[in-house]
Structure formats: C-alpha cells, structure tokens
Amino acid sequence: QSQNECQINRLNSIEPTSRIRSEAGTTEWWNPNSQQLSCAGVSVLRQNVEPNGLILPSFTNAPQLVYIVQGRGIQGTVIPGCAETFQESQQGQGQKSPRRLQDQHQKIRRFRRGDVIALPAGVVHWFYNDGNERLVTVNLLHTANSANQLDDNPRRFHLAGNPEEEQRRLRRFAQQKMQGSRSEREEMEEDEDEEQDNPSRSRRESPHSREQQSSSCNNLLCAFDSEFLAQAFNVDTSLIRRLQEVRGNKGSIIRVKDRLDVVSPPRMEEEEREERQEEERRRERQRGGRDN
Amino acid sequence: GLEETFCAMRMKENIADPERADIFNPQAGRISTLNGYNLPILQALGLSAERGVLYNRAGTVPQWCINAHKILYMLRGRARIQVVNQNGDTVFDDNVEQGQLLTVPQNFAFMKRAGSEGAEWVSFFTNSQATNTPMAGRVSAIRALPEEVVAASYQISKEDARKVKFNNQDTYFFTSSRSERRDEA
C-alpha cells in the first residue's frame with residue numbers, strides 16, 4: 001500500500017463504475033483504484049443473476065465475503081483435498097440394468113437472502129440461481145489480505161466460459177493503478193535510466209519466457225496444450241477441443257438449458273412452505289394490481 | 001527452556017530419498033513434500049519445498065497453488081512447462097532445462113511433462129503449508145464439481161462431463177499415451 005492511499009480529507013458514497021453483461025446476468029465492479037477502496041485494501045463487485053443462471057466456476061486471488069442481497073440458490077465450493085461427500089444412491093440398480101457411473105461431488109450449500117458466504121482465496125466456487133427471482137450478491141475481495149501474495153489488483157481465474165469483457169475491465173483498472181502510481185513516483189526515474197544503460201536486462205532475465213500472448217480464449221483450460229490435457233484427463237483430444245471451444249460471448253454468467261439437477265439433500269419443509277406462501281402472496285398482489 | 005525447544009529445533013530433512021515420497025506412481029514418478037507439518041521450523045519461516053521426479057514423458061496434471069508462489073529449479077533432465085494467467089493467456093510455454101529456474105505466481109495454473117530422459121526438480125513455496133489444486137484426476141477441482149455443472153459450464157453432454165470427471169483415476173500424475181509409446185518404439 002502506498003503511503004498516500006489513506007490521506008483522506010473527504011469521503012463520498014460511490015457507485016459501481018463498470019457493468020459487464022453476461023448471457024444470464026450482470027457483473028458490476030466498483031473502481032478498485034478509488035481512494036477509499038485502495039485505503040481499505042478491498043475490491044467490491046455486485047452480481048445480478050437471472051433465474052436459472054449459473055455463475056461459472058472460478059476463483060479469486062483474495063478471500064471473499066459474499067452477501068446475498070436478494071434471491072436464493074445453491075452454491076458449491078471446491079476445497080482442495082476434501083472428499084466428494086455428496087453421492088448419488090446406488091439403490092435400485094439391479095444387476096440386469098446397465099451399471100451407470102454415479103455422480104459424486106463435494107458438499108454444496110443452499111443460500112438465501114441475508115446469508116453471508118465466506119470464500120477462501122484460490123478456492124473454486126460456483127453459484128446457481130434456482131429461485132424465481134433475480135439473485136443479487138455483493139462480493140467483497142480483501143486484496144490486501146496476507147492470503148494474497150500477488151499485487152493488490154483483483155483477479156478472477158475462470159475454469160470455464162469466455163469472460164473476456166470482465167478481464168478487459170480488470171486489466172484496465174490495473175493499468176490505471178500502475179499509471180497513477182507511476183505519476184506519483186516520477187522521482188524513480190533512475191530505473192528508466194538503468195534500463196537505457198542496459199536495455200537487454202529485462203529480456204535477459206527469462207530466455208525461455210515468451211511475451212504475454214493474447215488469445216480469444218479466456219479460461220484456464222483453453223490455454224493448455226490439448227494433447228497434454230487429453231492425457232491428463234485420459235479422454236480423447238476431440239473432447240478436450242470441445243471443452244476448449246468458446247461458443248458465443250456469454251460471459252461468466254450463463255443460462256442453464258434445463259434446470260440444474262445436482263445431488264443435494266431435500267430442503268426443509270418449513271422453508272418450502274414459506275416459499276409457497278410468499279409465491280401465493282406475490283400472485284395475489286399481481287392479481288389485485290390488475291383488478292385495480 | 002530455549003535450549004530444549006527453539007535451539008534444538010530440527011532444521012534439516014532429506015527429501016531426495018525415494019522411500020520418503022509422499023505421492024508415488026511407478027509409471028509416472030514421485031513427489032516428496034516438506035512443509036510446516038513435517039519440519040515445524042518452516043511454520044516460522046513461512047516457506048516450504050517439494051522434490052519431484054517424473055519418468056520418461058510422464059507429467060503432472062494441470063493445477064494451481066492457492067496460497068503461495070512456486071519457484072522451480074530443474075535439477076536434472078528437462079520438462080515442458082505451461083503456465084497460464086487469469087486472462088487465459090499462456091505466459092510461459094517452453095522447456096525448462098537442467099540448471100534453470102522458473103517462477104509460477106500464486107494461482108497461475110501450470111502443468112509439466114518430462115522429456116524422454118525424465119525430469120527432476122526442487123520447488124520452493126512462499127507458504128509453510130502450500131496447497132495445490134489439481135484440475136484433473138482423483139482429487140481434482142473438476143471432479144469435485146457436480147456433473148451437471150461441468151456439462152453446463154463447458155456446454156458438453158452429461159456423458160462427456162462424466163468422462164472428464166472420472167476417466168483419470170490417478171492422483172497428480174499422468175503417463176504418456178499408448179500411441180506415443182508405440183511411436184517411440
């Protein structure tokens with residue numbers, strides 16, 4: 001943290017500065033370079049997910065707290081080394097019927113309005129809106145947390161999808177920050193002088209590393225060699241190519257064709273009853289509105 | 001009391017001994033880890049290490065380290081290493097040869113495959129309990145996701161999602177494919 005980030009003489013309430021549209025929702029980021037957020041060492045975003053929308057699996061470089069402002073759904077967190085404790089039952093499968101591989105995955109959790117969800121840094125998570133209303137979350141990333149050993153720029157690593165626009169915005173924030181800190185540190189011109197004296201220095205450091213290659217693919221799997229991945233997953237290369245294909249510009253929130261049917265325990269009867277009552281009340285209000 | 005505790009603290013451990021391996025696959029290789037659990041002084045230092053061996057053309061599955069940077073030094077042989085950043089850009093894709101060093105920043109995904117003569121390396125981590133998340137295999141992130149989430153995320157059938165989740169039963173490693181071995185023969 002630079003020394004000037006907390007020299008605050010005046011505070012203002014701030015709105016998100018960038019809005020990224022995905023197939024089934026939007027992601028809005030507050031500018032992480034704003035003085036008050038920089039001082040606190042945090043980045044904040046708001047996600048708005050349509051019913052049946054899935055926030056694709058991803059992880060961030062900082063721990064997160066997610067507050068559910070509106071809606072409900074299910075959420076999965078992949079904790080490294082933990083067992084897949086949610087398993088499909090094998091009951092009812094006679095020896096005559098063909099043996100189907102049962103699905104199993106790590107614990108998933110239901111969430112609803114008012115919940116706070118804690119997500120450690122580097123841990124994959126996904127969210128699915130299985131309700132009838134929009135899901136709205138506010139996420140706080142503590143980029144200054146000791147768990148983040150990278151710089152203070154927020155980063156989201158996607159396992160799937162094509163979150164090109166979001167990544168472009170985050171890159172722009174990082175560039176703005178770099179330019180800002182550069183102008184503040186003009187006295188550090190000796191670095192540039194040294195570069196002029198020895199222009200090959202940066203190239204000499206890593207003879208094998210290549211310049212960052214920009215690609216049309218924006219998730220982690222796309223960038224790996226397909227032959228390597230085919231061996232790592234023990235599947236055909238054609239299947240890996242299908243995984244790596246980016247179909248359309250759907251962003252990081254996609255619409256699920258049918259409802260997502262994952263292995264999960266039944267919900268509490270009371271919760272379901274409350275929800276049915278709430279739905280009935282909503283319909284009545286709509287009917288009343290029309291009559292008037 | 002200091003003499004009995006801090007001053008006498010165990011400060012060394014040999015991780016090259018094959019018998020000491022924590023992860024082992026006779027076809028692929030082995031990994032020995034040294035961290036704050038098996039060498040407590042590393043808790044205070046906030047560092048850990050790993051010694052790895054890959055046999056002929058075997059590889060480690062794609063993975064990322066959730067809480068540390070990784071600095072790899074190639075001891076013997078060579079390996080092709082790919083490193084991917086948060087934008088899905090390949091920031092490194094080349095062979096790392098004996099005597100060379102490569103830094104993999106925290107959360108950047110990487111995978112490596114040994115050349116025909118195998119590869120041996122030592123990696124240092126900037127956390128005493130460095131934790132890797134593999135993307136493929138028996139304890140991987142993909143396997144921990146529900147089949148339907150995998151199918152929806154990659155827009156593939158449930159059957160294909162099942163293959164992606166369950167086809168590699170190994171932990172951490174993969175071996176060269178049969179076709180490649182035939183080509184070499």
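A note on names: the letters A, B, ... follow the listed sequences, proteins ahead of strands, and every chain is numbered from 1. Just the heavy atoms: all of them, side chains too, but no hydrogens, waters or symmetry mates, feed the values below.
With a 4.5 Å cut-off on non-hydrogen atoms, Leu101(B) does not touch chain A at all. Within the 4.5 angstrom heavy-atom criterion, only backbone atoms of Phe110(B) (N, CA, C, O) approach chain A. For Leu243(A), the parts lying near chain B are the backbone and the side chain together; criterion is any non-hydrogen pair under 4.5 Å. Heavy atoms closer than 4.5 Å to chain B are found nowhere in Leu170(A), neither backbone nor side chain. Using a 4.5 Å cut-off between heavy atoms, Asp160(B) contacts chain A through both its backbone and its side chain. For a residue to count as touching a neighbouring chain, one of its non-hydrogen atoms must lie under 4.5 Å from one of that chain's; by this rule Arg138(B) touches chain A with the backbone only. In this structure, chain B has heavy atoms under 4.5 Å from both the backbone and the side chain of Asn148(A). Contacts between Leu150(A) and chain B at a heavy-atom distance below 4.5 Å involve backbone atoms as well as side-chain atoms.
Between Asp225(A) and Arg80(B) there is a salt bridge, with a side-chain nitrogen of the basic residue lying less than 4.0 Å from a carboxylate oxygen of the acidic one. Here Lys163(B) does not pair with Asp236(A) in a salt bridge; the nearest charged N to carboxylate O distance is not below 4.0 Å.
A donor-acceptor distance shorter than 3.5 angstrom exists from the side chain of Asn234(A) to the backbone of Asn167(B), with no hydrogens or angles considered.
A heavy-atom distance below 4.5 Å is found between the side chains of Leu145(B) and Pro57(A). Looking at Gln155(B) and Lys250(A), their side chains come closer than 4.5 Å, going by heavy atoms from C-beta outward. Contact check for Arg143(B) versus Gln106(A): no side-chain heavy atoms found under the 4.5 Å cut-off. The closest side-chain heavy-atom distance from Met135(B) to Leu220(A) is below 4.5 Å. Using a 4.5 Å heavy-atom threshold, the side chains of His105(A) and Lys165(B) count as touching. Contact check for Tyr154(B) versus Leu221(A): side-chain heavy atoms found under the 4.5 Å cut-off.
Evaluation of the salt bridge (Lys or Arg N to Asp or Glu O under 4.0 Å) rule for Arg109(A) yields no partner, not counting sequence neighbours.
For residues 124-132 of chain B, a heavy-atom distance under 4.5 Å to chain A picks out Thr126(B), Asn127(B), Thr131(B), Asn132(B), given by residue number.
Ring orientation note: the planes of Phe174(B) and Phe228(A) are tilted relative to one another, at an angle of 30° to 60°.
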